[in-house]
Amino acid sequence: MPELPEVETVRRSLAPFLTGVTIRAVTVREPRLRRTLAADFAQVLTGRTIAQLGRRGKYLYLHLDDEKIWLVHLGMTGQLLVEKTENPPLPHDHVLVTLSTGHRLRYNDPRRFGLMLIGTEAEIETVTALGVEPLSRMFTGRYLREKIQRTQRAIKDVLMDQRVVAGVGNIYASELLFRAGVHPSRVAATLTEAATDRIVEATKTVLREAIRHRGSSISDYRDGEGKRGGFQDRFRVYDREGQPCSTCRQLIQRETRGGRSSFFCAACQR
DNA sequence: CGCACCCCCTGCCGGC
DNA sequence: TGCCGGCAGGGGGTGC
């Protein structure tokens, strides 16, 4: 579900409800997420105040008043939602948090691929091992070229490697490569300087545009208030197999590799 | 190191 | 109508 634009949208939508707010009670209904929640998870959170909401790649950082961070990753189907009243729990509501404002924060995740843990920044960095933020000045053509020297990896795999650049997933990798005019299975080391520059620019452009449209809702992505995103209506290639390319009218193709689909226009992308 | 493959888990959709 | 296989935005582990 959520790549960088969706997580950033969740962060922005939750911030007004969570910043400066104290956690009164925590109920863990199902601790078995990607990693099983620590036995003292609820106890460690209770009584803490959320100082600030941050994000790194696809990870949400809830900075607590004791210098620790409540790290949340939404996996494929995770939703972090604020609600005004305490409705009865729904299926797959794994963590419920009562806030000092009377709001409730609800973590729902049918597939349980999400991750939550509480730790220091150093502890979290060893778990996440993230590369540069794509929207920062650190992500440049020069940086990307340094990372792909002599690699035989496909450029799409490199872009989705969170240790290289943090936050690009399967949707935005396809979309940005279309905009850069580069074929997803192109061997990264064979790219020209101009092409790597275009890829970096396209990454920033697509991610910013997607954030502006509050992310992509294909099926179950929702922001912190349960609202859908709008970027799915602007996909140029993703999930458009057999439809005409918006540029040249040739039909969009799909290729599966490693269990993941790539979508591209064979005429526009080389 | 890279890569191909498998796994984790639930839900949905299309084909038969 | 009902069942089954394939697939889905995530990451991680293993063996070669």
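Reminder, nothing fancy here: chain letters follow the sequence lines and each chain counts from 1.
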Asker: Distance check: side-chain N/O of A/R112 vs OP1/OP2 of B/dC8, anything under 4.0 Å?
Answerer: no

Asker: Show the distances under 3.5 angstrom between N or O atoms of the protein and N or O atoms of nucleotides 11-16 of chain B.
Answerer:
residue: B/dG11; atom: OP1; partner: A/H92; partner atom: NE2; Å: 2.9

Asker: Using atom OH of A/Y107 as one end and atom C1' of B/dC9 as the other, report the distance to the nearest whole Å.
Answerer: 12 Å

Asker: With a non-hydrogen cut-off below 4.0 angstrom, is A/G114 in contact with a base, only sugar-phosphate, or nothing?
Answerer: nothing

Asker: Do A/T49 and A/T22 have side-chain atoms, one donor and one acceptor, less than 3.5 Å apart?
Answerer: yes

Asker: Would A/T9 and A/K227 satisfy side chain to side chain contact (heavy atoms under 4.5 Å, CB included), going step by step from the backbone distance to the final call?
Answerer: CA-CA 10 Å; A/T9 302; A/K227 295 184 201 153; over 6 Å; no

Asker: Using Watson-Crick and G-U wobble pairs whose two distances are both under 3.5 Å, how do you write the pairing of DNA chain B as dot-bracket, with | for links to another strand?
Answerer: .|||||||.|||||||

Asker: In whole angstrom, give the distance that lies between atom CZ of A/F263 and atom P of C/dC7.
Answerer: 11 Å

Asker: Quick one: do A/R24 and A/T98 satisfy side chain to side chain donor-acceptor pair (under 3.5 Å)? Show the steps, please.
Answerer: CA-CA 5 Å; A/R24 292 281 187 235; A/T98 305; over 6 Å; no

Asker: Look at atom CZ of A/R35 and say whether more than 12 heavy atoms of other residues, nucleotides or ligands are closer to it than 6.0 Å.
Answerer: no

Asker: Can a salt bridge be assigned to the pair A/R142 and A/E146 using a cut-off of 4.0 Å between side-chain N and carboxylate O?
Answerer: no

Asker: Please report, rounded to the nearest Å, how far the C1' atom of C/dA8 is from the CD atom of A/E6.
Answerer: 14 Å

Asker: Expressed in angstrom and rounded to an integer, what is the separation of A/Y172 atom OH from C/dG9 atom P?
Answerer: 12 Å

Asker: Give one of base, sugar-phosphate or nothing for A/Y238, where a contact means two heavy atoms less than 4.0 Å apart.
Answerer: sugar-phosphate

Asker: Distance check needed: B/dC9 P versus A/L115 CG, whole Å only.
Answerer: 15 Å

Asker: Give every pair of a protein N or O atom and an N or O atom of nucleotides 3-6 of chain B that lie under 3.5 Å apart, one pair per line with the distance.
Answerer:
residue: B/dC3; atom: OP1; partner: A/Q152; partner atom: O; Å: 3.1
residue: B/dC3; atom: OP1; partner: A/R153; partner atom: N; Å: 2.9
residue: B/dC3; atom: OP2; partner: A/R153; partner atom: NE; Å: 3.1

Asker: If you compare every side-chain N and O of A/S261 against the phosphate oxygens of C/dA8 (OP1, OP2), does one of them come in below 4.0 Å?
Answerer: yes

Asker: Say you pick atom P in B/dC5 and the same atom in C/dC7; how far apart are they, in whole Å?
Answerer: 14 Å

Asker: With rounding to whole Å, what would you report as the distance between B/dC7 and C/dG5 at their P atoms?
Answerer: 14 Å

Asker: Going by the rule side chain to side chain contact (heavy atoms under 4.5 Å, CB included), which residues pair with A/D40 if we only count those two or more places apart in sequence or in a different chain?
Answerer: A/A38, A/Q43, A/V44

Asker: Would you call A/R12 and A/I211 a side-chain contact if the rule is heavy atoms closer than 4.5 Å?
Answerer: yes

Asker: Can you check the A/K147 NZ to B/dC1 P distance for me, whole Å?
Answerer: 11 Å

Asker: Does a donor on one side chain and an acceptor on the other come within less than 3.5 Å for A/T77 and A/R111?
Answerer: no

Asker: Identify whether the distance between the nearest side-chain nitrogen and carboxylate oxygen of A/R198 and A/E201 falls below 4.0 Å.
Answerer: no

Asker: For A/D161 and C/dG10, give me the distance from atom CG to atom P, rounded to whole Å.
Answerer: 13 Å

Asker: Is the number of heavy atoms from other residues, nucleotides or ligands within 6.0 Å of CZ (A/R234) greater than 12?
Answerer: no

Asker: Quantified in whole Å, what is the P atom distance between nucleotide B/dC6 and nucleotide C/dG6?
Answerer: 12 Å

Asker: What about A/R111, does its side chain sit under 3.5 Å from the base of B/dC9 through a donor-acceptor pair?
Answerer: yes

Asker: Atom CG of A/N108 to atom C1' of B/dC9: distance rounded to whole Å?
Answerer: 13 Å

Asker: May I ask you to list the residues sharing a hydrophobic cluster with A/Y59, side-chain cutoff 4.5 Å, ordered by chain and number?
Answerer: A/Y61, A/I69, A/L71, A/L115, A/L117, A/I124, A/V127, A/L130

Asker: Does the distance from a Lys or Arg side-chain N to an Asp or Glu carboxylate O, for A/R48 and A/D66, drop under 4.0 Å?
Answerer: yes

Asker: Going through the checks in order, is the side chain to side chain donor-acceptor pair (under 3.5 Å) test met by A/E6 and A/Y172?
Answerer: CA-CA 11 Å; A/E6 290 74 35; A/Y172 296 106; 2.6 Å; yes

Asker: Can you tell which of A/R260, A/K156, A/E3 makes a side-chain hydrogen bond (donor to acceptor under 3.5 Å, both in side chains) with A/N170?
Answerer: A/K156

Asker: Which pairs, protein N/O on one side and nucleotides 11-13 of chain C N/O on the other, fall under 3.5 Å?
Answerer:
residue: C/dG11; atom: OP2; partner: A/K58; partner atom: NZ; Å: 3.1
residue: C/dG11; atom: O3'; partner: A/R34; partner atom: NH1; Å: 3.0

Asker: Could you check if a side-chain atom of A/P2 sits within less than 4.5 angstrom of a side-chain atom of A/V10, using non-hydrogen atoms only?
Answerer: no

